[in-house]
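Notes follow the structure.
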Amino acid sequence: MAKRRQILVIGNNENGCTPELEKIAYDVGVEVARSDSVLITGGLGGVMKAASHGAHDAGGLVIGIIPQDDPSFANEYCDVVIPSGLGLARDFLNALSADGVVIIGGGSGTLSEMCAAYMHKKPMVALKNSGGIAAKYADQYIDHRQSIMIVGVETPKEAIDYILSQITA
């Protein structure tokens with residue numbers, strides 16, 4: 001059996017996640033499920049919960065890798081909960097678990113996950129209309145190494161189509 005593609009969705013937690021960002025994240029989750037890929041998130045609230053909800057409603061598999069050591073912290077849409085107990089270091093686990101990354105809004109935590117993905121040359125796409133870190137880094141590199149371009153897109157479907165086009169195995 002071939003390994004299923006794993007797409008990480010990152011962005012604002014519940015503190016700073018607007019209804020508009022929730023809608024974008026929900027739609028991204030739906031697109032991940034429709035592509036028969038596994039959705040990975042940080043398993044908590046905000047963008048993570050909204051994307052998980054979308055993938056769940058579309059019949060997809062949702063994995064939440066949470067920073068706590070207690071699985072009860074995960075949102076209710078996670079089918080599989082990985083209680084890492086790693087705190088903020090779990091950002092690296094999230095990034096390394098992914099074949100590609102979708103960025104929706106976000107702040108410093110999102111940037112941390114982006115940097116981990118960047119250092120490991122994971123394909124990344126940013127929803128330009130979502131503000132935050134996504135808008136700031138859309139169509140740019142994080143640094144002078146120019147390891148991987150963070151491609152800016154307008155829609156959830158474009159985001160998943162791009163990520164799928166970049167996954168080689």
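What you see is a predicted model; the values in this text were computed from it and never measured.
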Problem set entry | Between Asp57 and Tyr26, a side-chain donor and acceptor under 3.5 Å |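 Tyr26 and Asp57 do have a side-chain donor-acceptor pair below 3.5 Å.
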
Exercise. So, Arg90 and Ser84: side-chain donor and acceptor under 3.5 Å apart, yes or no?
Worked result: no

Identify whether the distance between the nearest side-chain nitrogen and carboxylate oxygen of [X] and [Y] falls below 4.0 Å.
| X | Y | answer |
| --- | --- | --- |
| Glu31 | Arg34 | yes |
| Asp99 | Lys3 | yes |
| Glu14 | Lys49 | no |

Exercise. Considering all heavy atoms of both residues, which atom of Gly42 and which atom of Pro67 are nearest to each other, and what is their separation?
Worked result: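 For Gly42 and Pro67, the tightest heavy-atom pair comes out as O-CD, 4.2 Å.
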
Using atom types as modelled and distance alone, determine if a side-chain donor or acceptor of [X] lies under 3.5 Å from a backbone N or O of [Y].
| X | Y | result |
| --- | --- | --- |
| Ser130 | Ile104 | no |
| Asn12 | Gly106 | yes |
| Asp139 | Gly152 | yes |

Could you give the side-chain donor-acceptor pairs of residues 159-167 under 3.5 Å, partners two or more places apart or in another chain?
| residue | atom | partner | partner atom | Å |
| --- | --- | --- | --- | --- |
| Asp161 | OD1 | Lys157 | NZ | 3.3 |
| Asp161 | OD2 | Lys157 | NZ | 3.0 |
| Ser165 | OG | Tyr162 | O | 2.6 |

Exercise. Should we say atom CG of Leu88 is surrounded by more than 12 heavy atoms from elsewhere, each under 6.0 Å from it?
Worked result: no

Exercise. For Asp70, does the CG atom have more than 12 heavy-atom neighbours from other residues, nucleotides or ligands under 6.0 Å away?
Worked result: yes

For this session: Evaluate the criterion salt bridge (Lys or Arg N to Asp or Glu O under 4.0 Å) for residue pair Arg5 and Asp36; output intermediate values, then yes/no.
Result: CA-CA 8 Å; Arg5 297 170 301 229; Asp36 196 32; 5.6 Å; no

